[in-house]
Each structure stands twice: as structure tokens, then as C-alpha cells.
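Sending over a structure as C-alpha cells; questions will come in a sec.
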Amino acid sequence: MKVTFLGTGTSQGIPVIGSRHPVCLSTDPKDSRLRTSVLIEWEDNKYIVDCGPDFRQQMLRCGCEKIDGILFTHEHSDHVLGLDDIRPFYFKQGNISIYAHKRVLKALKKRFDYIFETENKYPGAPSVSIQKIKNKPFNLADVKVIPVKGKHFKLNVFGFRFNDFCYTTDLKSMKQKEKQKIKGVKVLVVNALRIEAHYSHFNLEEALKFIEEIQPERAFLTHISHLLGFHAEVEKQLPENVFLAYDNLEISI
């Protein structure tokens, strides 16, 4: 299984528009971050987790020519606003499968009503095949996917375990019974927004405590804001099995 980090930034990305913060002015390409998303591939299968406003750019940048589906963690703008840009895939492949909780689907239907329209639909609009998911395992090709529920402030969000890989983002807390689902994974991805505490995201200290509890072989931090600091400096401070993810990073599991 191969995972490509399409984006590793927070909701505003890095650099932030109009910001003179030193990280936003950095010339290190690892400090430039699009909105958070990953591409997961095995055999001939390609699935995306979240498609934010940078989705088109991310697909062009990684040279992706087909996708088998999109899994949504939750409905916030930085995780869903790229849905219209599935059009080129739809024109080639037909309906694109989307996997989401019923609450997330309701939000998508409100925001992208023309995609879900069934009568008098605009000819250029894409269409999707809806796969409603609950907090229960489901299959993608030959892989069992295990949803993992966490809290993003008061909002329930899903992470997803694919065999020995688990992707989570926008977490602030997780119950023990959910943590049990992912203990022992080889690779864990988790959000680490900044140094200071935040009401709806793990900060760096909380992310590291979460990783220590789950005990993966390797962990990668994502959904990073400029307030976490320079990539090169933060990386030096991390435990030996924890890494700061960056855009275009590819890992194998």
C-alpha cells in the first residue's frame, strides 16, 4: 500500500493569504502546505480521503488519472470544497463513489445540490454514487476499512484504518473503545495544529501523547498551521519514530 500526502496544511493552508509570519515567508518547499488530503493506493485501487479546495491542483501535481472513490472525514469546507473538481474523473469513469456519514452527505447535498440533482440536471455536472457509512467496517475492493470516531470540538469525525495504516485528522479527543480499533497499526497519521492548545484540534503535545498511547511503528503529523513552526526545526524535536508530513511525501506500508 502506498500513501501520498496530497496536502498537509490547515484550513487556510500555508502560506496564509496576506501573512508576514516567518513560516509563511519560508523558501523551504516543505513549509508550503495545501489543504489536508491523502491518496491511498494498492494494486489498481486509488482512494482519496477528503477533497478540499486544493483538490484540482493536488490531482494535477501527483498525476492522478483515475480515482475509485472519496472518503470524507467530515463536512468542513477545507475537506469537501473540491467535490466539483471530480468532473474530469466522472467524464471518463462515470459516477464517482463517495463514502460519508449521513450527516456529511446531508451537508454535501445542501452545498452541491446540482451534483445530487436527479431531475433536469445540468449536463456538465458530475454525478456520484452514494455509499452511506456508519461506525462499522466496510470493504473497498479486498481491503476492510474500519472507521474510527473522534471529536472535533463537538463534531463527530471519522478516521479510517486500512489494514496497518490509519489516517485521522481534525481530532481533539477520542474514546478508549475507538482507540482500541487502531492500536498496533504500523503507520498512524494524526493532526498537530500548533504548539499552543486549540479548542478543536490536537496541538503538538496532545498529538504526541496520542501517538504514544497507540504505539504505531511510525507516525506522521498533518493538518499543520504556520504556528507549529518551520518544518526543519520542528522535525528535529520529534521522537525518532514521529515525522512531520509534507506535501507530496510518499510512504509505503
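The structure presented is a predicted model; accordingly, all values stated were derived computationally and were not measured.
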**OP:** Might you confirm whether atom NZ of K132 has over 12 heavy atoms from other residues, nucleotides or ligands at distances under 6.0 Å?
**Re:**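 No, because the 6.0 Å sphere around NZ of K132 holds 12 heavy atoms or fewer from other groups.
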Subject >> Heavy-atom pair of closest approach, residues P126 and I86 >> reply: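 Answer, listing the atom of P126 first, then I86: CB-CG1, 3.8 Å.
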**OP:** With sequence neighbours excluded, give me every ring-ring contact (aromatic ring centres under 6.0 Å, His included) pair touching residues 102-149.
**Re:**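 For residues 102-149: Y99-F138.
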**OP:** For N135 and K181, test the side chains for any donor-to-acceptor distance below 3.5 angstrom and give the result as yes or no.
**Re:**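 Their side chains do contain a donor-acceptor pair, which is all the 3.5 Å distance test asks for.
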Original post:
Between the main-chain N or O of I195 and the side-chain N or O of N203, is there a donor-acceptor pair closer than 3.5 Å?
Top reply: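 Here the side-chain-to-backbone pair exists.
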Subject >> Residues S37 and D50: side-chain donor-acceptor under 3.5 angstrom >> reply: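 No, no side-chain donor-acceptor pair sits under 3.5 Å.
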Subject >> Distance-only polar pair, side chains of Q176 and E213, donor-acceptor under 3.5 Å >> reply: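 Checked: Q176/E213 side chains pair up, N/O donor to acceptor below 3.5 Å.
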Subject >> salt_bridge(K186, E217) N-O dist < 4.0 Å >> reply: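 No, no charged N to carboxylate O under 4.0 Å.
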Subject >> Any donor-acceptor pair under 3.5 Å from Q237 side chain to V234 backbone >> reply: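 Between the backbone of V234 and the side chain of Q237 there is no qualifying donor-acceptor contact (under 3.5 Å).
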**OP:** Assess whether atom CD of E117 is packed by more than 12 heavy atoms of other residues, nucleotides or ligands within 6.0 Å.
**Re:**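 Above 12, so yes.
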Original post:
Hey, are E65 and K46 close enough for a salt bridge, meaning a charged N less than 4.0 Å from a carboxylate O?
Top reply: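 Answer for the salt bridge query: no.
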Original post:
Under 3.5 Å, is there a donor-acceptor pair between the side chain of T168 and the main chain of V189?
Top reply: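 It does hold such a pair.
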**OP:** Would you kindly say whether S11 and D78 are connected by a side-chain donor-acceptor distance under 3.5 Å?
**Re:**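 S11 vs D78: no donor-acceptor pair found between side chains.
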**OP:** Any chance you could lay out the side chain to side chain contact (heavy atoms under 4.5 Å, CB included) test for T10 and L227, step after step, and finish with the verdict?
**Re:** CA-CA 10 Å; T10 187; L227 298 176; over 6 Å; no
**OP:** Return yes if some donor-acceptor pair links the side-chain N/O of Q58 with the main-chain N/O of V38 below 3.5 Å, else return no.
**Re:**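 Answer holds: no.
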Subject >> Residue pair V49, I40: steps toward the side chain to side chain contact (heavy atoms under 4.5 Å, CB included) verdict >> reply: CA-CA 8 Å; V49 180; I40 302 172; 3.9 Å; yes
Original post:
Which residues, ordered by chain and number, are linked to V23 in its hydrophobic cluster, where ILVMFWY side chains connect at heavy-atom gaps below 4.5 Å, directly or through other members?
Top reply: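 The other cluster members (ILVMFWY side chains, heavy atoms under 4.5 Å, direct or chained) are I14, F230.
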Subject >> Under 3.5 Å side-chain donor-acceptor pair for T8 and D247 >> reply: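 The answer is yes; a qualifying pair exists.
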Original post:
Should L39 and V3 be marked as a side chain to side chain contact (heavy atoms under 4.5 Å, CB included) after you check the CA-CA gap, both sets of side-chain angles, and the distance that decides it?
Top reply: CA-CA 6 Å; L39 168 64; V3 175; over 6 Å; no
Subject >> I224 CD1 to K30 NZ distance, which is reported to the nearest 0.5 Å >> reply: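 I224 atom CD1 to K30 atom NZ measures 12.0 Å (nearest 0.5 Å).
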**OP:** Measure the spacing between CG of L238 and CZ of F220 and express it to the nearest 0.5 Å.
**Re:**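 It comes to 11.0 Å.
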Original post:
Ignoring hydrogens and geometry, is there a side-chain-to-backbone donor-acceptor pair from R35 to L6 under 3.5 Å?
Top reply: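 Flag not set: sc R35 to bb L6 has no pair under 3.5 Å.
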Subject >> Main-chain N/O of R103 paired with E75 side-chain donor or acceptor, under 3.5 Å >> reply: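 Checked: no pair found.
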Original post:
Is atom NZ of K121 surrounded by more than 12 heavy atoms (other residues, nucleotides or ligands) closer than 6.0 Å?
Top reply: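 Result for NZ/K121: enclosed.
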Original post:
How long is the gap from NZ on K2 to CD on E250, to the nearest 0.5 Å?
Top reply: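 So the gap between those two atoms works out to 4.0 Å.
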**OP:** State whether the side chain of T222 and the backbone N or O of A245 hold a donor-acceptor pair below 3.5 Å, judged by distance alone.
**Re:**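 Checking the backbone N and O of A245 against the side chain of T222, no donor-acceptor pair under 3.5 Å is found.
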**OP:** Examine the side chains of K154 and S200 and answer whether a donor and an acceptor come within less than 3.5 Å of each other.
**Re:**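 No - no donor-acceptor pair under 3.5 Å links their side chains.
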Original post:
Is there a donor-acceptor pair under 3.5 Å between the side chain of R111 and the backbone N or O of L81?
Top reply: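 No; judged by distance alone, with no hydrogens or angles, the pair does not exist.
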Original post:
Looking only at heavy atoms, which two atoms of G150 and L171 are closest? And how far apart?
Top reply: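 Closest approach of G150 to L171: CA-CD2, 3.7 Å.
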Original post:
Would the F153 and Y199 ring centres measure less than 6.0 Å apart?
Top reply: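 Aromatic pair counts; centres sit under 6.0 Å.
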Original post:
Do D170 and H79 have side-chain N/O donor and acceptor atoms under 3.5 Å apart?
Top reply: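 Yes, because at least one side-chain N or O of D170 sits under 3.5 Å from a partner of the opposite role on H79.
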**OP:** Look at atom CZ of R56 and say whether more than 12 heavy atoms of other residues, nucleotides or ligands are closer to it than 6.0 Å.
**Re:**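 No, CZ of R56 has 12 or fewer neighbouring heavy atoms, counting only those of other groups under 6.0 Å.
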Original post:
Is there a donor in the side chain of N163 and an acceptor in the side chain of W42, or the other way round, less than 3.5 Å apart?
Top reply: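 Their side chains do not contain a donor-acceptor pair, so the 3.5 Å distance test is not met.
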Original post:
Could you walk me through whether L193 and L228 pass the side chain to side chain contact (heavy atoms under 4.5 Å, CB included) check?
Top reply: CA-CA 6 Å; L193 186 73; L228 187 63; over 6 Å; no
Original post:
So, K66 and D44, do they make that salt bridge, N to O below 4.0 Å?
Top reply: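 Counted as a salt bridge, because a side-chain N and a carboxylate O are separated by less than 4.0 Å.
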**OP:** Could you tell me whether a side-chain N or O of D31 sits under 3.5 Å from a main-chain N or O of H231, the two making a donor and an acceptor?
**Re:**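 Checking the backbone N and O of H231 against the side chain of D31, a donor-acceptor pair under 3.5 Å is found.
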Original post:
Is the distance between the ring centroids of H76 and H152 less than 6.0 Å?
Top reply: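 H76 vs H152: aromatic centres under 6.0 Å.
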Original post:
Below 4.0 angstrom, N of the basic side chain to O of the carboxylate: do D84 and R87 qualify?
Top reply: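 So D84 pairs with R87 through a salt bridge.
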Original post:
When you measure from the side chain of E235 to the backbone N and O of L244, does any donor-acceptor pair fall under 3.5 Å?
Top reply: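 Present.
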Original post:
Below 4.0 angstrom, N of the basic side chain to O of the carboxylate: do E178 and K149 qualify?
Top reply: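 Here E178 does not pair with K149 in a salt bridge, since their nearest N and O are not under 4.0 Å apart.
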**OP:** To the nearest 0.5 Å, tell me how far Y90 OH sits from S127 OG.
**Re:**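 Reported value, rounded in 0.5 Å steps: 4.0 Å.
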Subject >> Residues R33 and H223: side-chain donor-acceptor under 3.5 angstrom >> reply: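 Side chains of R33 and H223: no pair found under 3.5 Å.
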